[in-house]
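Just so it is clear, the values below take in all heavy atoms, side chains as well, and ignore hydrogens, waters and symmetry mates. Residues take their numbers from the sequence shown, with the count starting at 1. Just so you know, these numbers come straight off a predicted model, no measurement behind them.
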Amino acid sequence: MPDGAQLSFIPGDEVQKRVTAHVKAILKQQRQPSPAELVAELDSEIGIVARWDLESVLTTLCGDKKLPRQARDYLTLPSRRRRPQAGPPGRGGA
């Protein structure tokens, strides 16, 4: 965003629709940008306000059975992915 530019605050429903459409377009193109790349792309295309709706859009799309399993797996939030169990704190580390 250029210096001195003002943020455009689009009503919430409109932002959510645009974020949903953009993520679906990415999936249709069979792209899988990293989380940082996805956020940067949304910032560029929609604006920083897209970040506010991103988690709810991803959650909704993860439950959309019309999307292929591969797409839903990609959209799964990292916090929901199964992580390997760590050992007890203070053992075998640095």
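Contacts of Ser56 classified as side chain to side chain donor-acceptor pair (under 3.5 Å), with partners at least two apart in sequence or in another chain: Gln16. Under the salt bridge (Lys or Arg N to Asp or Glu O under 4.0 Å) criterion, Glu41 pairs with Arg31, not counting sequence neighbours. The salt bridge (Lys or Arg N to Asp or Glu O under 4.0 Å) search around Asp43 returns Arg51, not counting sequence neighbours.
The 12-atom threshold is not exceeded at CD of Gln70, counting heavy atoms of other residues, nucleotides or ligands nearer than 6.0 Å. Annotation for Gln29: atom CD counts as buried by contact number, over 12 foreign heavy atoms lying within 6.0 Å.
When all heavy atoms are compared, the tightest approach of Leu75 to Leu61 is CD1-CB, 3.6 Å. Here the closest non-hydrogen pair linking Ala71 and Leu27 is CB-CD2, 3.9 Å. Closest of all the heavy-atom pairs between Pro33 and Leu38 is CB-N, 4.1 Å.
Annotation: side chain of Arg18 is not in contact with side chain of Glu45 (no heavy-atom distance under 4.5 Å). Residues Leu67 and Asp64 form a side-chain contact, since some pair of their non-hydrogen atoms from C-beta on lies under 4.5 Å apart. Side-chain contact check for Thr20 versus Lys24: some heavy-atom pair is nearer than 4.5 Å.
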Criterion salt bridge (charged side-chain N to carboxylate O under 4.0 Å, His left out) on Lys17 and Asp13, from CA distance to verdict | CA-CA 6 Å; Lys17 288 176 188 175; Asp13 289 344; over 6 Å; no
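Note that the CG atom of Leu42 and the CD atom of Glu37 stand 12.0 Å from one another [nearest 0.5 Å].
The closest donor-acceptor contact from the side chain of Ser44 to the backbone of Ala40 lies at 3.5 Å or more, if one exists at all.
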